[in-house]
Protein chains: 2
Amino acid sequence: MKSYRTFPAGTEILWRGEPLEYVASVVSGVASLSKTLEDGRTQMVGLLLPSDFIGRPGRNRIEFDVTATTDVTLCCFARTPFEALVLDTPHVAQRLMELALDELDAARDWMLLLGRKTAREKIATFLDMLARRSQMTMTEGAGMANGAALYLPMTRDQIANYLGLTLETVSRQFSAFKREGIIDVPDRRRVLVINLDRLQIATGDDADGGVVA
Amino acid sequence: MKSYRTFPAGTEILWRGEPLEYVASVVSGVASLSKTLEDGRTQMVGLLLPSDFIGRPGRNRIEFDVTATTDVTLCCFARTPFEALVLDTPHVAQRLMELALDELDAARDWMLLLGRKTAREKIATFLDMLARRSQMTMTEGAGMANGAALYLPMTRDQIANYLGLTLETVSRQFSAFKREGIIDVPDRRRVLVINLDRLQIATGDDADGGVVA
DNA sequence: CGGGCCATTGACTTAGGTCAATCTGCGTGG
DNA sequence: CCACGCAGATTGACCTAAGTCAATGGCCCG
């Protein structure tokens, strides 16, 4: 009933509309959800990190593609027994509900970003999000002053698709933040945040960091 | 335990962060969810129509403002007894889960619109969405050929905030569709769709209308 | 050493935002 | 009853952020 599957970076995990045989949770790596218009423009609509869940009780198809951004390992369960499990165990159902509501909040923050933020604000928000995430993972004792080393799990092109920009604009904004001394970019996959305060100001969000709350 | 409340058009139903005493469902009218940046730019992140639900089991505050777009009547329940109800009755919990997943799908479609569609495509998608909705409400026997009379529940400014545009751009795109004979705008609150096929082509979506599926 | 593949940078174009003038109803009070 | 005023809508002229197109650069891997 339970099995592990791995997908190399860049491969498709699920196609839009394909019937779902499994539900799964991400064990390691990063996967992305994306939607595409007829003419090929695409928009990422979600990022799946370890512990995130794929699949929807009571639905057997999804409305977007799921792609492995880095190498990904999933832990898969057959759908039917899983649904039976959900029906008997209320607190599993409740947990799934919470996950869905968290995703919904994240999706709404992203709508504000996509609809109203400038390119600069989008990049700042993206980096700030990664910084907060990595901070969560690390020792959360004292508030680790100012700055963090971030790993970018995606190419410029993928970042652009996530933020509703082009890859050139992403690159230019990285360069701008670097020129201003807010970040450093030692190699294409790494960003060193030199001045987190200034980065957060550049996000355009409320000073108190309402996004995470 | 159950009570009705009404809110005149334009008033706030809930403020972001305010503790939720009630959960509610919309009886009549249209309400909107919106998020605002420090400097006042705002983005609507959802529309609530009759039968939609406000409130989240297991959370007592929301991350956005809820505003009455038209006059709105809500049917409210106190939160604590409602949560107890949800816990004992699995199929209520399941129904809420489905609502959350529907909202999530809608949010993701909107992310594609906000991130990648042109102004023209945004307006076409908006009108097409209203047309599909009103079609659902009406006699759904035969597929009502081509065309429909739509009521706009919002001002140009609110439409702009929904679509991530400015009100001037909304107005210009309405005028463009009118000039092309695709719609007519007899008064500010009404739109007559003259050629639904051409409108749907202008949305940029897949020909088969994947959005609704 | 050579060839992809990303990424960066520059020059140029353009969709949509901004600012401002005018128009259209509609409710209100003289 | 009418004129006034106001809120929303339209339209035009202009500007700019970001997209497009194209050349170049660095890096990893065979």
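Chain naming here is simple, since letters A, B, ... match the order of the sequence lines and numbering starts at 1 in each. What you see below is based on every heavy atom in this structure, not just the backbone, and it leaves out hydrogens, waters and symmetry mates.
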Heavy atoms under 4.0 Å, any strand shown: does A:G164 hit a base, just sugar-phosphate, or nothing?
sugar-phosphate
Quick one: is B:T118 getting a side-chain N or O under 4.0 Å of the C:dA15 phosphate, OP1 or OP2?
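No, outside the criterion.
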Quick test: give all pairs of protein nitrogen or oxygen and nucleotides 5-8 of chain C nitrogen or oxygen below 3.5 Å, distance rounded to 0.1 Å.
residue, atom, partner, partner atom, Å
C:dC6, O4', A:R188, NH1, 3.0
C:dC6, O3', A:R188, NH1, 3.3
C:dA7, OP2, A:R156, N, 2.8
C:dT8, OP1, A:R156, NH2, 3.4
C:dT8, OP2, A:R156, NE, 2.8
C:dT8, OP2, A:S171, OG, 2.7
C:dT8, O5', A:S171, OG, 3.1

Whole angstrom value for the distance that separates [atom2] of [N] from [atom1] of [X]:
| X | N | atom1 | atom2 | answer |
| --- | --- | --- | --- | --- |
| A:R41 | D:dT20 | CZ | C1' | 14 Å |
| B:Q173 | D:dA9 | CD | P | 16 Å |
| B:N161 | C:dG17 | CG | C1' | 14 Å |
| B:I123 | C:dA15 | CD1 | P | 16 Å |
| A:R116 | C:dG16 | CZ | P | 13 Å |
| B:R190 | C:dG25 | CZ | C1' | 15 Å |
| A:L165 | D:dA17 | CG | P | 14 Å |
| A:L113 | D:dA18 | CG | P | 12 Å |

Salt-bridge present (B:D102, A:R59; N to O < 4.0 Å):
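Yes, charged N to carboxylate O under 4.0 Å.
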Charged N to carboxylate O below 4.0 Å: is that the case for A:E103 and B:R108?
yes
At their closest point, which heavy atom of A:K117 faces which heavy atom of A:T203, and how far apart are they?
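Smallest interatomic distance, heavy atoms only, reads NZ-O, 3.2 Å.
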Does the pair B:M129 and B:W110 meet the rule for a side chain to side chain contact (heavy atoms under 4.5 Å, CB included), with working shown?
CA-CA 11 Å; B:M129 181 197 76; B:W110 223 245; 4.2 Å; yes
Is there side-chain contact between A:I183 and A:I194, with heavy atoms separated by less than 4.5 Å?
no
Side-chain contact test, heavy atoms from C-beta onward, threshold under 4.5 Å: evaluate it for B:I54 versus B:V23 and give yes or no.
no
